Number of protein chains: 2
Amino acid sequence: MIKVAIVDDHRLFRQGLSVILASKESVEVVGKYESAIELLKALPDLEVDLILLDIDMSEMDGITAAPEIFKIKPTVKVVILSMHLSSHKIQDAVAAKVHGYLLKTSSDEEVVAAIEQVMSGKDYFSKEAHEQLVESFRARDEGQEVELTPREIEILKLVCEEMNSQEIAEKLFISVHTAETHRRNLLSKTGCRNSVGLVRFAMDRGYC
Amino acid sequence: MIKVAIVDDHRLFRQGLSVILASKESVEVVGKYESAIELLKALPDLEVDLILLDIDMSEMDGITAAPEIFKIKPTVKVVILSMHLSSHKIQDAVAAKVHGYLLKTSSDEEVVAAIEQVMSGKDYFSKEAHEQLVESFRARDEGQEVELTPREIEILKLVCEEMNSQEIAEKLFISVHTAETHRRNLLSKTGCRNSVGLVRFAMDRGYC
DNA sequence: AATACACTACCGAAATATGAGTATATTTTG
DNA sequence: CAAAATATACTCATATTTCGGTAGTGTATT
């Protein structure tokens, strides 16, 4: 029996998945948590083989939580359960060294298959996630992997709050020129045409 | 036994909820659909008392679907199951005359309670949804109920696509002045400070 | 020591957006 | 039909963004 924990802030989903998995022969649900923080608290005393981790959670998202999980229990397996097919999230998930990525549109059979495969030592990425990943690598070859500096991210967030360069400068105690330079660099790095593009970029990346 | 149908594009959620509800005495799940369109197709021949309807679906969202459902089966009850607590969505749901609004963070007991209450003829709105609704009405008293004209929505969408007034004008075969006027009206109606605010507004309203 | 990078700051100019008005044609609606 | 709402177009003025440069300073890495 594979000991599985479920982390998802939607109680109905958590309970439903738990009932489904409980009916499977190879799987045993040993814990349900409504946030990554709760899981992290319980983890040291938890006997668990694999964690099904939601991404979109309010307090701490799954991808941030994964490294923390591995710090506490380096041998535990982590499989991401996500709603949407965001290429950045998949890339982040891979970078966080999770062992699998599933969509909530999957069937229960696929979840069990993924759990079993991951426990056997192989990673499991759903077909859609896999395709998205391949596409991302292609796009990377084509040219751009957008890497923002911490300061740029800071400026980006303020742009998203409807602030103009003047206000950003005042808020960060820098010159307007500097704020403008950062904005220009943001535009050129992201390939956006204007601030509208920046907001969309920021939202896609989860910066706001 | 109350005959219930479930509409949600996440198969795991759909199946999980179905299993949960199947174990309840008063409820019988008579159908599961992964999109509103599928449900609408099946509806004429479906004996159903109440439909649990997800909001965030790719093809047709729940709130758009509700009126179509009532056209086909005027007596059926509709309860919205949503992930997030967006005040606009709740308002839209109320406007669409659905009979209930639940969050996916609810417990299974609350879902059953809601189903039973709605079937008894009363509406059921979760505590959080109710509070949000009260707040919205307060905000309405304070001043603004933002109503955009179809043309304004059209301009708004193009703004969200990183187009400037010149390009919008060309695209819509109107003068730049007109495009600019629409933009300014959008800013003043929504109370936003710049285009960045407009994008966020548009996203919140589901225009993009 | 040299190189690279991030952050900072500036200049000048062109393109766009925003603010405050006015005005008219068309469509919708009571 | 008349009134109201909507879409259209304009002027003048100012603010802001965007684009093209250049460049010093500190820090980390090779």
Side-chain angles (χ1 to χ4, degrees), chain A residues 88 95 140 143-208, chain B residues 67 91-92 95 140 143-208:
Chain A
H88 299 299
R140 183 163 299 196
Q144 82 274 35
E145 49 206 291
V146 181
E147 279 276 0
L148 301 186
T149 67
R151 194 56 157 177
E152 283 167 347
I153 292 170
E154 204 171 350
I155 271 88
L156 178 56
K157 282 181 182 171
L158 296 177
V159 169
C160 292
E161 285 175 32
E162 292 182 70
M163 291 175 101
N164 61 31
S165 300
Q166 177 69 51
E167 291 163 333
I168 292 173
E170 280 164 18
K171 171 114 181 172
L172 300 180
F173 304 109
I174 55 177
S175 145
V176 190
H177 301 294
T178 309
E180 280 167 354
T181 301
H182 283 306
R183 286 182 82 136
R184 273 190 300 159
N185 291 340
L186 279 165
L187 286 175
S188 90
K189 273 192 181 180
T190 58
C192 295
R193 306 178 58 189
N194 51 41
S195 312
V196 168
L198 290 182
V199 193
R200 304 191 59 134
F201 175 87
M203 286 189 159
D204 188 39
R205 293 296 181 93
Y207 291 138
C208 63
Chain B
Q91 284 179 267
D92 290 347
R140 181 163 299 195
Q144 82 273 38
E145 47 207 292
V146 180
E147 279 277 0
L148 301 186
T149 68
R151 195 56 158 176
E152 283 168 345
I153 292 170
E154 204 171 350
I155 272 88
L156 179 55
K157 283 179 181 172
L158 297 177
V159 169
C160 290
E161 285 175 31
E162 292 182 67
M163 292 174 102
N164 60 35
S165 302
Q166 177 67 53
E167 290 163 336
I168 292 173
E170 279 164 19
K171 171 114 182 172
L172 300 180
F173 306 108
I174 56 177
S175 146
V176 190
H177 302 294
T178 310
E180 282 168 351
T181 302
H182 283 306
R183 284 181 84 134
R184 277 184 284 121
N185 290 340
L186 279 166
L187 286 175
S188 90
K189 271 192 182 181
T190 58
C192 294
R193 306 180 58 189
N194 51 40
S195 313
V196 168
L198 290 181
V199 190
R200 304 190 58 131
F201 176 87
M203 287 189 158
D204 187 39
R205 292 294 181 95
Y207 292 137
C208 64

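Keep in mind it's a predicted model, so treat the numbers as computed, not measured. By convention in this document, chain letters (A, B, ...) are assigned in the order of the sequence lines, proteins followed by strands, and residues within each chain are numbered from 1.
- An OP1 or OP2 oxygen of D:dT8 is reached within less than 4.0 angstrom by no side-chain nitrogen or oxygen of B:T181.
- Distances shorter than 4.0 Å separate some side-chain N or O of B:H182 from OP1 or OP2 on D:dT8.
- Atom NE2 in A:H177 sits roughly 15 Å away from atom C1' in D:dG20 (whole-Å rounding).
- Along DNA chain D, the nucleotide nearest B:E180 and the nucleotide nearest B:P150 are compared for position; the residue whose nucleotide lies closer to the 5' end is B:P150.
- For the pair A:N164 and D:dT16, the criterion of a side-chain N or O lying under 4.0 Å from OP1 or OP2 is met.
- The separation between B:M163 atom CE and C:dT16 atom P is 12 Å, rounded to whole Å.
- Here the P atom of nucleotide D:dC12 and the CZ atom of B:R184 are 14 Å apart, to the nearest Å.
- Under a 4.0 Å N-O distance rule, the pair B:E180/B:R183 does not qualify as a salt bridge.
- Taken to the nearest 0.5 Å, the CG atom of B:L158 stands 11.0 Å off from the NE2 atom of B:H182.
- When the side-chain nitrogen and oxygen atoms of A:S175 are compared with OP1 and OP2 of C:dC10, one or more of them lie within a distance under 4.0 Å.
- Look at CG on B:L198: it is 11 Å from C1' on C:dT18, rounded to the nearest Å.
- Across the protein-nucleic acid pair, A:Q166 atom CD and D:dT17 atom P stand 9 Å apart, rounded to whole Å.
- Taking the charged nitrogens against the carboxylate oxygens, B:K157 and B:E154 have no contact shorter than 4.0 Å, which rules out a salt bridge.
- Rounded to an integer number of Å, the gap from CZ of A:R151 to P of C:dT8 is 4 Å.
- Protein atom CD1 of A:I168 is 12 Å distant from nucleotide atom C1' of D:dT16, rounded to whole Å.
- The side chain of B:S188 contributes no N or O atom lying less than 4.0 Å from OP1 or OP2 of C:dT18.
- Contact between the side-chain N/O atoms of A:T178 and the OP1/OP2 oxygens of C:dA9 is found at a separation under 4.0 Å.
- Taking atom CD1 on B:I153 and atom P on D:dT6, their separation rounds to 11 Å, with Å as the unit.
- Remark: A:R183 is in phosphate contact with D:dT18, judged by side-chain N or O atoms under 4.0 Å from OP1 or OP2.
- Side-chain N or O atoms of A:R200 include one that pairs as donor or acceptor with a backbone N or O of B:C160 at under 3.5 Å.
- Closest-nucleotide positions on DNA chain D for A:C192 and B:T149 were compared, and the one nearer the 5' end corresponds to B:T149.
- Judged purely by atom type and a 3.5 angstrom limit, A:E170 has no side-chain atom pairing as donor or acceptor with the backbone of A:E167.
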